[in-house]
Asks: 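Let me begin by handing over the structure; questions about it come next.
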Amino acid sequence: MSIICPTVLADTVDEYREQMDTVQGFASRIQIDLGDGHFTSETISIADVWWPEHITADIHLMYKEPLRVVADLVVMRPGMVIIHAESRDALEALEFLREQHIRTGVALLQDTAVEGVIDLIQRSDHVLIFSGSLGSFGGQVDLSLLAKVPQIRNIDPDIEIGWDGGINVDTARKLADGGIDVLNVGGAIQKAMHPENAYRDLLRRLYD
């Protein structure tokens, strides 16, 4: 059963608080995007990250050198930390997180082939297929990237698969039918006139 996971992506502390306030009344699981200003645009710092106790928070770490900061995240005990396969020390960061009993995820940019990152997938609980633009809401759904789903399942049939980029009421069902378990939704919720209604509409679209 696929789920809708709202995304929080903020450049300032005030914006972060506004986005968290927007989703915390209805979301049970969220994705927090963090950027280092090198791998992608800079977001709020790890020191400014927080989330309500009733929410499970996945951290999508868009850092060139994630190993430098994963220890700071472990202290917060997030539900999961997602490392980019394209980062310099992805394998070491994933191993560290596993040792600390934190669920691990690996994100694949559009041009990253599954067969080239098998070792990372084998050390992960989750694979995030990225179809957006790093560091910003929006992007387009490239349905051709769904070809990665069976390739990932061949490595681990039980692994959780997420999608980031371009999800809205027109694309959510196509992604769920294509094997996506977690639909990370940014602008379609955060920029909606009525965010909770947008969230509910997405859920309904999954099961119509």
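Side-chain atoms are counted along with the backbone in the values below, which use heavy atoms only and exclude waters and symmetry mates. Quantities reported herein were computed from a predicted structural model and do not represent experimental measurements. Numbers here are sequence positions counted from 1.
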Asks: Pairs in or reaching into residues 167-176: which pass side-chain hydrogen bond (donor to acceptor under 3.5 Å, both in side chains), with residues at least two apart or in two chains?
Replies: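 Those involving residues 167-176 are Asn168-Thr171, Arg173-Asp177.
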Asks: Hey, does Gln31 have a side-chain heavy atom less than 4.5 Å from the side chain of Ile82?
Replies: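 The answer is yes; the side chains approach within 4.5 Å.
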Asks: Not counting sequence neighbours, list each pair that qualifies as a salt bridge (Lys or Arg N to Asp or Glu O under 4.0 Å) and has a residue in residues 97-116.
Replies: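 Listed by first then second residue: Arg103-Glu160.
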Asks: Taking only residues two or more places apart in sequence, or in another chain, which ones meet Thr104 in a side-chain hydrogen bond (donor to acceptor under 3.5 Å, both in side chains)?
Replies: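 Expected list: Asp125.
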Asks: Out of curiosity, does Trp51 fall in the hydrophobic cluster containing Ile102 (side-chain heavy atoms, cut-off under 4.5 Å, transitive links)?
Replies: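 Yes, Ile102 connects to Trp51 through the hydrophobic network.
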Asks: Not counting sequence neighbours, list each pair that qualifies as a salt bridge (Lys or Arg N to Asp or Glu O under 4.0 Å) and has a residue in residues 34-63.
Replies: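 Sorted result for residues 34-63: Arg29-Asp58.
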Asks: Do the side chain of Glu86 and the main chain of Leu109 share a donor and acceptor less than 3.5 angstrom apart?
Replies: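 A pair under 3.5 Å: yes.
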Asks: Would the number of heavy atoms belonging to other residues, nucleotides or ligands and lying under 6.0 Å from NE2 of His101 be above 12?
Replies: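 12 or below, so no.
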Asks: Among all residues two or more places apart in sequence or in another chain, which pass the salt bridge (Lys or Arg N to Asp or Glu O under 4.0 Å) test with Asp158?
Replies: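 Once residues adjacent in sequence are excluded, Asp158 has no partner under the salt bridge (Lys or Arg N to Asp or Glu O under 4.0 Å) criterion.
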Asks: In chain order, what residues pass the side-chain hydrogen bond (donor to acceptor under 3.5 Å, both in side chains) check against Arg88, with sequence neighbours excluded?
Replies: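 Partners of Arg88 by the side-chain hydrogen bond (donor to acceptor under 3.5 Å, both in side chains) criterion, ordered by chain and then number, come out as Glu65.
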Asks: Can you pull out every ring pair (Phe, Tyr, Trp, His ring centres under 6.0 Å) where at least one residue sits in residues 3-23? Sequence neighbours excluded, please.
Replies: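 Passing the test, one end in residues 3-23: Tyr16-Trp50.
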Asks: To the nearest 0.5 Å, what is the distance between CD1 on Ile161 and CG on Leu175?
Replies: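 Rounded to the nearest 0.5 Å, the CD1-CG separation comes to 12.0 Å.
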Asks: Sequence neighbours left out, what passes side-chain hydrogen bond (donor to acceptor under 3.5 Å, both in side chains) with Ser2? Give chain and number order.
Replies: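 Testing Ser2 for side-chain hydrogen bond (donor to acceptor under 3.5 Å, both in side chains), a comparison that skips the adjacent residues, returns none.
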Asks: So Val141 and Trp163, side chain to side chain contact (heavy atoms under 4.5 Å, CB included) or not? Walk me through it.
Replies: CA-CA 9 Å; Val141 164; Trp163 184 284; 3.9 Å; yes
Asks: Do Asp21 and Arg17 have side chains that get closer than 4.5 Å, going by heavy atoms?
Replies: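 Yes, their side chains come closer than 4.5 Å.
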Asks: Is the shortest heavy-atom distance from the side chain of Phe130 to the side chain of Thr112 under 4.5 Å?
Replies: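 The answer is no, as the side chains (C-beta and beyond) never meet within the 4.5 Å cut-off.
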Asks: Determine yes or no for a side-chain-to-main-chain donor-acceptor pair under 3.5 angstrom, with Asp11 supplying the side chain and Thr43 the backbone.
Replies: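 No; judged by distance alone, with no hydrogens or angles, the pair does not exist.
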Asks: Residues two or more places apart in sequence or in another chain: which of them pass salt bridge (Lys or Arg N to Asp or Glu O under 4.0 Å) with Asp156?
Replies: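 Partners of Asp156 by the salt bridge (Lys or Arg N to Asp or Glu O under 4.0 Å) criterion come out as none, since no residue qualifies.
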Asks: If you measure from CG on Leu61 to CG on Leu97, what distance do you get to the nearest 0.5 Å?
Replies: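 Here the interatomic distance stands at 9.0 Å.
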Asks: State the CD-CD distance between Glu18 and Glu15, to the nearest 0.5 angstrom.
Replies: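 Rounded to the nearest 0.5 Å, the CD-CD separation comes to 7.0 Å.
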Asks: Contact between Val74 and Phe96 at the side-chain level, heavy atoms closer than 4.5 Å - yes or no?
Replies: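 The answer is yes; the side chains approach within 4.5 Å.
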Asks: Heavy-atom distance under 4.5 Å between the side chains of Ile46 and Met76, does that happen here?
Replies: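 Of all side-chain heavy-atom pairs linking Met76 with Ile46, at least one is under 4.5 Å.
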Asks: Side chains of Ile129 and Val149, heavy atoms from C-beta outward: is any pair under 4.5 Å?
Replies: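 Answer yes - side chains close enough.
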Asks: How far does CD of Gln122 sit from CG of Leu120, to the nearest 0.5 angstrom?
Replies: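 If I round to the nearest 0.5 Å, the distance is 9.5 Å.
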Asks: If hydrophobic clusters are built from ILVMFWY residues whose side chains come within less than 4.5 Å, do Met1 and Ile159 share one?
Replies: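 The answer is yes; both residues are in one hydrophobic cluster.
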Asks: Rounded to the nearest 0.5 Å, how far does CE of Met80 lie from CG of Leu73?
Replies: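 That separation rounds to 12.5 Å.
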Asks: Applying ring pair (Phe, Tyr, Trp, His ring centres under 6.0 Å) as the test, list every pair that has at least one member in residues 181-206; sequence neighbours left out.
Replies: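 Listed by first then second residue: Phe26-Tyr199.
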Asks: Once rounded to the nearest 0.5 Å, what's the spacing between atom CD1 of Ile4 and atom CD1 of Ile167?
Replies: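 Answer for the CD1-CD1 pair, Ile4 versus Ile167, is 6.5 Å.
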Asks: Between Leu146 and Ile180, is any pair of side-chain heavy atoms under 4.5 Å apart?
Replies: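 Contact flag for Leu146/Ile180 side chains = yes.
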Asks: Who pairs with Asp89 by salt bridge (Lys or Arg N to Asp or Glu O under 4.0 Å), at least two apart in sequence or on another chain?
Replies: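 Checked Asp89 against salt bridge (Lys or Arg N to Asp or Glu O under 4.0 Å); zero matches.
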Asks: Evaluate the side chain to side chain contact (heavy atoms under 4.5 Å, CB included) criterion for residues Lys64 and His84: first the C-alpha distance (whole Å), next the side-chain angles of each, then the deciding distance (0.1 Å), finally the verdict.
Replies: CA-CA 8 Å; Lys64 182 183 293 186; His84 267 271; over 6 Å; no
Asks: Who are the side-chain hydrogen bond (donor to acceptor under 3.5 Å, both in side chains) partners of Asp142, not counting sequence neighbours?
Replies: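 Counting only residues at least two positions away or on another chain, Asp142 forms a side-chain hydrogen bond (donor to acceptor under 3.5 Å, both in side chains) with Ser144.
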